[in-house]
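Predicted model only: the values in this text are computed from it and were never measured. Just so you know, ligand 1 is whichever comes first in the structure, and atom 1 is the first atom listed for that ligand.
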Amino acid sequence: MTRPTLSRRQALFAGAALPFASALLSTPVQAAAELQGASMPLFNRFKLGAFEVTTLLSGSRTVENPGDIFGLNVDPAEFAAVSEAAFLPTDRAQFFFTPTLVNTGAELVLFDTGVSADGMVAALAAAGITPDQIDVVVLTHMHGDHIGGMMTNGAPTFANARYVTGSTEHNFWAAAGNEGFDAMVRPLNDRFTFLEDGGAVMGGLTAMAATGHTPGHMAYMIESDGQRLALIADAANHPVWSVAYPDWEVRFDADKAAAAATRRALFGMLAAEKVPFIGYHMPFPAIGYVETRDTGFRYVPASYQMMLNG
Ligand SMILES: [Zn+2]
């Protein structure tokens with residue numbers, strides 16, 4: 001009777017392991033490696049046609065009770081069920097703050113500036129860029145987590161940059177008596193130029209009105225050599241609660257009906273045309289796709305698609 005091969009191999013390994021085990025026992029115990037804490041890369045870079053696009057993680061924080069932010073008009077039981085189905089807890093959520101850098105080959109264009117100059121400059125440094133290299137800063141809107149990196153100790157963080165934003169957005173905050181605007185934007189007013197819906201920062205960087213989150217909130221279409229990528233800024237700030245349920249009201253949206261209409265229009269277009277997008281608050285590296293699903297959309301995080309570009 002022949003023994004099954006597997007059993008024979010097991011017997012061989014068992015025999016071989018004996019001297020090894022006794023050697024281990026006589027070896028001095030080595031110090032364990034120190035735990036270093038949770039970590040995530042600060043930048044993600046890829047090609048888009050002749051452009052290079054880099055998403056930059058300028059900061060991240062944990063926020064409690066996200067249902068009070070993302071589900072204002074939603075029954076807590078429904079919020080809990082939707083979250084559970086998406087493997088998400090309801091007691092806490094992780095927020096990400098992701099400006100985007102576009103190198104057009106001629107200029108470095110930074111979309112939004114993070115919560116603070118420190119976080120912004122650190123993410124740029126990780127990507128090999130110094131603040132004085134930035135040629136253009138584009139502000140999608142003027143909430144504190146987008147204008148927070150504009151100034152460093154009262155001086156412009158991006159010393160050589162010119163600035164671009166939507167005229168409606170700038171007019172709104174200039175008249176609002178807003179501390180953040182007065183500290184971070186007003187001192188640079190004479191370096192600003194202004195855009196309307198459909199206007200271009202330069203060739204390949206086109207503004208798309210996406211109002212609701214703020215009165216003059218703008219998304220952008222980045223296009224080079226026929227490749228397109230949308231930058232939706234804060235049109236939707238969570239991959240499940242706001243993408244799958246565009247009508248769920250979000251505390252941070254100034255005009256909730258307009259914000260919902262913007263999500264439906266913008267994601268409807270991106271889904272139909274299969275265009276990837278970067279969302280400022282989407283989980284880093286903040287890039288994904290949408291398809292229509294049920295009464296909303298399904299977010300599909302990008303995996304390696306961008307690495308195949310060029
Ligand atoms: Zn934001």
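Ion pairing between Asp145 and Arg61 fails under the 4.0 Å rule for side-chain N and carboxylate O.
One N or O on the side chain of Glu169 and one on the backbone of Met142 form a donor-acceptor pair closer than 3.5 Å.
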For this session: Show the numbers, then the answer: is there a ring pair (Phe, Tyr, Trp, His ring centres under 6.0 Å) between Phe277 and Tyr299?
Result: CA-CA 10 Å; Phe277 72 96; Tyr299 180 65; 5.7 Å; yes
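The aromatic ring centroids of His146 and Tyr280 lie less than 6.0 Å from each other.
Here the shortest heavy-atom pairing between Phe79 and Val74 reads N-CG1, 3.9 Å.
In the model, Thr130 has a side-chain atom that pairs as donor or acceptor with a side-chain atom of Gln133 under 3.5 Å.
Only protein N, O or S atoms were scored, and 4 of them lie under 2.8 Å from the Zn ion (ligand 1).
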